[in-house]
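Report on one structure; see the data block that follows.
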Amino acid sequence: MKRKLTLLLAIVMTAMMILSACGKQPTTEGKTAGDTLAVNVGPDPDTIDPALNSAVDGATMIIHAFEGLMTLNKEGVPVPGQAESYDVSDDGKVYTFHLRDGLKWSDGQPLKASDFVYSWNRAIDPATAADYEYLFDIIDGYDEGKLNIQAPDDKTFVVTLKNPVPYFLELAAFPTFYPVRQDLVEQYGDSWAVDVKTYIGNGPYKVTEWVPGSHITMTKNEYYWNYDKLGVENIKFVLMEDDTAKLNAFQKREVLFIDDMPNDEIDAWRDKPEFHLEGQAGTYYVSFNTQKAPLDNKLVREALILAIDREFIVKEVSKKGEVPAGAFVSLGLTDADPNKQFREVGGDYYDPYDYEGNLEKAKELLAQAGYPNGEGLPQLEYLYNEGSGHKAIGEALQDMWKKIGVNVSLVSQEWSTFLNTRKNGDYMIARNGWLSDYNDPISMLDMWITGGGNNDAQWSNPEFDALIAKIKSTTDNEERYRLMHQAEDLIFADSMLCPIYYYVDLYLMDTSIEGFWSSPLGFKYFMYATVKK
C-alpha cells in the first residue's frame with residue numbers, strides 16, 4: 001500500500017464542526033482533556049473513500065470509521081468483523097458470510113448485505129477509477145465487469161471465487177472491500193467522502209469534526225456492534241507533514257503519538273521508553289518512469305540501481321535500523337514452505353552490501369548504454385515529497401549517481417501535488433514505497449500489471465501479466481510460489497525499479513497509552529486504546 005491521488009480538498013476548505021455524541025467538543029490537548037487521544041499518522045489524507053484510498057495513513061483513518069466482513073486482530077489474523085461467521089464450500093470457491101444482528105451505519109440506518117454487493121461492484125467500475133480494483137480479479141464475474149456476489153437476504157452475503165484463494169479472508173478485511181452507502185455516493189459523488197455530514201461509516205468511530213490542514217476528529221460510534229469494548233471517547237488525527245513539527249508537538253504533549261520523526265533525532269530517542277521500532281513488511285524504493293528517455297533504456301536504469309551505497313543510507317542517513325534491499329518483495333513474507341521466507345528462497349538480484357563492485361559494474365553499464373562516464377546523458381530529475389528524511393536520501397542518491405557521471409536535480413513537492421505528479425507519470429525518477437497489503441508476496445507483485453492503478457512506473461510486460469494471471473488461477477501452492485519468484489525475476493531482468501531498503505516501523509508513543517497496536521502492514525489501531533490518567 002502506498003499513497004495515492006488526493007481528492008480536491010478545496011471542496012471542504014470551510015471547516016466543518018459538529019459536537020461529539022457526548023456533547024464534549026474535542027480540545028487541542030493531546031493528554032486526556034475531554035477524553036480525547038490526539039495522534040499524528042500523516043498530513044491531510046489523499047482520500048478516505050475506502051474504494052479510492054491506497055495510502056497507509058488514509059487506511060489507518062478508514063479502519064476506524066469503517067469495517068469489512070472480516071477485521072484483523074493484534075496478530076494480523078483475520079477474524080469476524082461485520083460478519084459474525086462464514087462458511088466455505090468443499091471446493092473452497094464459495095464463501096457465505098452471515099452478518100451480525102442489528103448492524104447499523106453511524107447515522108443509525110440499517111446496514112444490509114446488499115451494501116457489500118454495491119460497494120464491491122463500485123470498486124471495479126471503471127468510472128470509480130479505484131487503484132486497487134485489480135484485487136477483485138480473483139472473484140468470478142470480474143472479467144465481465146459484474147462480480148458473482150449475492151445478497152439472498154439482508155444478513156447473508158455470498159461470494160464465488162474463480163478458484164480457491166489462500167488470502168481471501170485477509171482481502172475481506174482490507175479497506176477496499178469495506179461497504180459504503182450507495183445513496184450518499186450517488187447523491188454527492190466524490191464529495192461524500194470529504195464532508196463530515198455525509199461521511200457515514202459502519203466502523204467503531206465516526207468523523208465528527210474535520211478542519212483541513214488541522215485535524216480530523218472521530219468519536220465513538222454508538223451503533224457499532226462492539227461499542228462496549230472501545231477505548232477513548234474521541235480520537236483526534238492531527239494533520240502534520242513536517243517531521244520537526246511532529247516531534248515538537250509530541251514533546252509538548254499536544255499529540256501522544258507520532259508515526260515518524262527527524263532522522264537526526266533518532267539516536268537521542270532510541271533508548272527512551274517512548275521510542276518504538278518494529279518490523280514492517282515493505283520496501284522503500286525509487287520509481288523510474290520507464291516511458292521517458294533516457295530511463296526507457298534498461299541499461300541506464302540498471303546502472304542507477306547499482307550505483308547506490310545502501311549500507312551508507314541505512315546507517316548514516318535513515319538510521320532506523322532498516323535492512324539494505326537486494327530485491328523488491330520485502331522481508332517478513334513466507335514462502336510455500338511456511339518455515340522459510342520468500343526473500344530467503346528468492347535471494348538477492350545484486351549484492352546490496354558490495355557497493356564498490358556494484359559501482360564498477362554501473363559505470364560499465366552506462367558506457368554500454370552509450371553514455372561513458374555520463375557523457376551525453378541529459379540531466380535527470382529526482383522527485384520527492386517534503387520531509388527531512390526523504391530530502392536527505394535524495395541528496396545521498398544525487399551524490400552517489402554523480403560518481404558515475406549522472407547529474408540529478410532534486411525537486412520537492414507538497415504532498416498532494418507530489419502524489420498527483422507521480423501517479424500521472426509526470427516525472428523521471430521519484431521516491432516511492434510499498435507495504436504489503438496482506439501476508440502474501442502477490443501483494444507486492446500484482447501491482448505491476450500493465451495499466452494497474454498502482455503501477456507508477458508506467459511499465460508493461462506481457463510475459464509478466466501472463467504470469468500474474470497464472471499465479472491467480474493455479475491451485476497448486478508450490479507452483480504458485482515458483483511462478484511468483486519468476487515474476488520477480490522479470491522485474492529485475494528489466495531493472496524497472498530500484499529498491500533501497502526494507503522498511504521498519506518507527507513511532508513515538510506516550511507511555512500513558514494502553515491498548516494500542518501496530519500492524520506490519522502499516523496500519524495503526526487506536527480504537528481500543530485508553531490513556532492512563
Side-chain angles (χ1 to χ4, degrees), residues 1-3 41-42 55-57 243 246-247 258-272 274-287 304-334 341-344 346-355 358 382 384-385 387-401 429-437 439 441 443-444 488 491-492 497-509 518-524:
M1 175 167 275
K2 64 166 186 181
R3 312 286 183 181
V41 297
V56 175
D57 55 344
D243 296 340
K246 294 176 186 179
L247 183 58
I258 57 174
D259 209 11
D260 203 0
M261 65 184 299
N263 290 357
D264 58 5
E265 293 282 355
I266 291 174
D267 290 339
W269 282 83
R270 197 179 298 275
D271 296 326
K272 296 183 179 181
E274 296 88 354
F275 184 89
H276 296 263
L277 196 61
E278 300 178 3
Q280 203 167 49
T283 303
Y284 188 107
Y285 67 102
V286 168
S287 276
L304 293 173
I305 291 170
L306 291 174
I308 295 172
D309 187 347
R310 291 164 175 81
E311 264 196 296
F312 177 85
I313 288 176
V314 301
K315 289 181 179 179
E316 305 298 330
V317 182
S318 58
K319 299 182 180 181
K320 297 185 180 86
E322 303 95 338
V323 177
F328 181 62
V329 175
S330 74
L331 302 174
L333 300 175
T334 55
Q341 287 197 18
F342 186 89
R343 195 68 280 131
E344 175 188 358
D348 292 327
Y349 292 92
Y350 50 84
D351 185 347
Y353 295 93
D354 183 19
Y355 173 55
N358 290 338
Y382 180 79
Y384 65 95
N385 57 291
S388 59
H390 301 316
K391 179 182 179 182
I393 290 176
E395 291 172 342
L397 293 175
Q398 182 185 47
D399 180 63
M400 293 167 190
W401 286 331
I429 310 174
R431 181 205 76 79
N432 219 323
W434 189 262
L435 294 177
S436 184
D437 299 317
N439 183 22
S443 176
M444 299 191 72
E488 191 178 31
I491 287 175
F492 286 91
L497 56 76
C498 175
I500 303 296
Y501 56 69
Y502 302 121
Y503 274 119
V504 293
D505 187 14
L506 182 153
Y507 58 89
L508 296 183
M509 183 172 70
S518 178
S519 163
L521 308 179
F523 303 164
K524 303 296 186 290

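We count residues from 1, following the sequence as given.
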Handout entry: Derivation and outcome, side-chain contact (heavy atoms from CB on, under 4.5 Å), residues Val286 and Leu497
Key = CA-CA 6 Å; Val286 168; Leu497 56 76; over 6 Å; no
Supply the atom-to-atom distance [X] [atom1] to [Y] [atom2], rounded to the nearest 0.5 angstrom.
| X | Y | atom1 | atom2 | answer |
| --- | --- | --- | --- | --- |
| Ile313 | Tyr355 | CD1 | OH | 9.5 Å |
| Asp264 | Ser388 | CG | OG | 6.5 Å |
| Glu265 | Arg270 | CD | CZ | 12.5 Å |
| Ile393 | Ser318 | CD1 | OG | 5.5 Å |
| Asn263 | Lys320 | CG | NZ | 4.5 Å |
| Phe492 | Asp348 | CZ | CG | 9.0 Å |

Are side-chain heavy atoms of [X] and [Y] found at a separation under 4.5 Å?
| X | Y | result |
| --- | --- | --- |
| Phe275 | Ile266 | yes |
| Leu508 | Leu247 | yes |
| Met400 | Ile308 | yes |
| Tyr501 | Val323 | no |
| Met444 | Leu333 | yes |
| Leu521 | Asp437 | no |
| Ser287 | Ile429 | no |

Handout entry: Verdict with reasoning, Ile258 to Val41, per side-chain contact (heavy atoms from CB on, under 4.5 Å)
Key = CA-CA 6 Å; Ile258 57 174; Val41 297; over 6 Å; no
Exercise for the section: Write out all pairs satisfying side chain to side chain donor-acceptor pair (under 3.5 Å) with one or both partners inside residues 391-400, taking only residues at least two apart or from two chains. Expected result: none
Would you say [X]'s side chain and [Y]'s backbone share a donor-acceptor pair under 3.5 angstrom?
| X | Y | answer |
| --- | --- | --- |
| Trp269 | His276 | no |
| Trp401 | Leu304 | yes |
| Gln341 | Gly332 | yes |

Exercise for the section: Give a yes or no on whether the ring-centroid distance for Phe328 and Tyr285 is below 6.0 angstrom. Expected result: yes
Practice task
Go through the structure and list residues passing salt bridge (Lys or Arg N to Asp or Glu O under 4.0 Å) with Glu322, not counting sequence neighbours.
Solution key: none
Practice task
Please list, chain by chain and in numerical order, all residues satisfying salt bridge (Lys or Arg N to Asp or Glu O under 4.0 Å) with Arg343, sequence neighbours excluded.
Solution key: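 Once residues adjacent in sequence are excluded, the partners of Arg343 under the salt bridge (Lys or Arg N to Asp or Glu O under 4.0 Å) criterion are Glu488.
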For the residue pair [X] and [Y], what are the closest heavy atoms and their distance?
| X | Y | result |
| --- | --- | --- |
| Ser330 | Thr283 | CB-OG1, 3.6 Å |
| Pro324 | Val314 | CG-CG2, 3.9 Å |
| Asn432 | Tyr503 | O-OH, 4.3 Å |
| Asp57 | Gly42 | OD2-CA, 4.1 Å |
| Tyr350 | Ala327 | OH-N, 4.3 Å |
| Tyr502 | Val329 | CE2-O, 3.8 Å |

Exercise for the section: Assess whether side-chain contact (heavy atoms from CB on, under 4.5 Å) is satisfied between His390 and Tyr284, documenting all intermediate values. Expected result: CA-CA 10 Å; His390 301 316; Tyr284 188 107; 3.0 Å; yes
Exercise for the section: May I ask you to say whether Lys315 pairs ionically with Asp309, meaning some side-chain N is under 4.0 Å from a carboxylate O? Expected result: no
Practice task
State plainly whether the residues Asp259 and Lys524 are in salt-bridge range, i.e. N to O under 4.0 Å.
Solution key: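 Lys524 and Asp259: salt-bridged.
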Handout entry: Exercise: do Tyr507 and Glu278 side chains pair donor with acceptor under 3.5 Å
Key = yes
Practice task
Check the pair Asp505, Leu277 against side-chain contact (heavy atoms from CB on, under 4.5 Å), reporting the backbone distance first and the verdict last.
Solution key: CA-CA 6 Å; Asp505 187 14; Leu277 196 61; over 6 Å; no
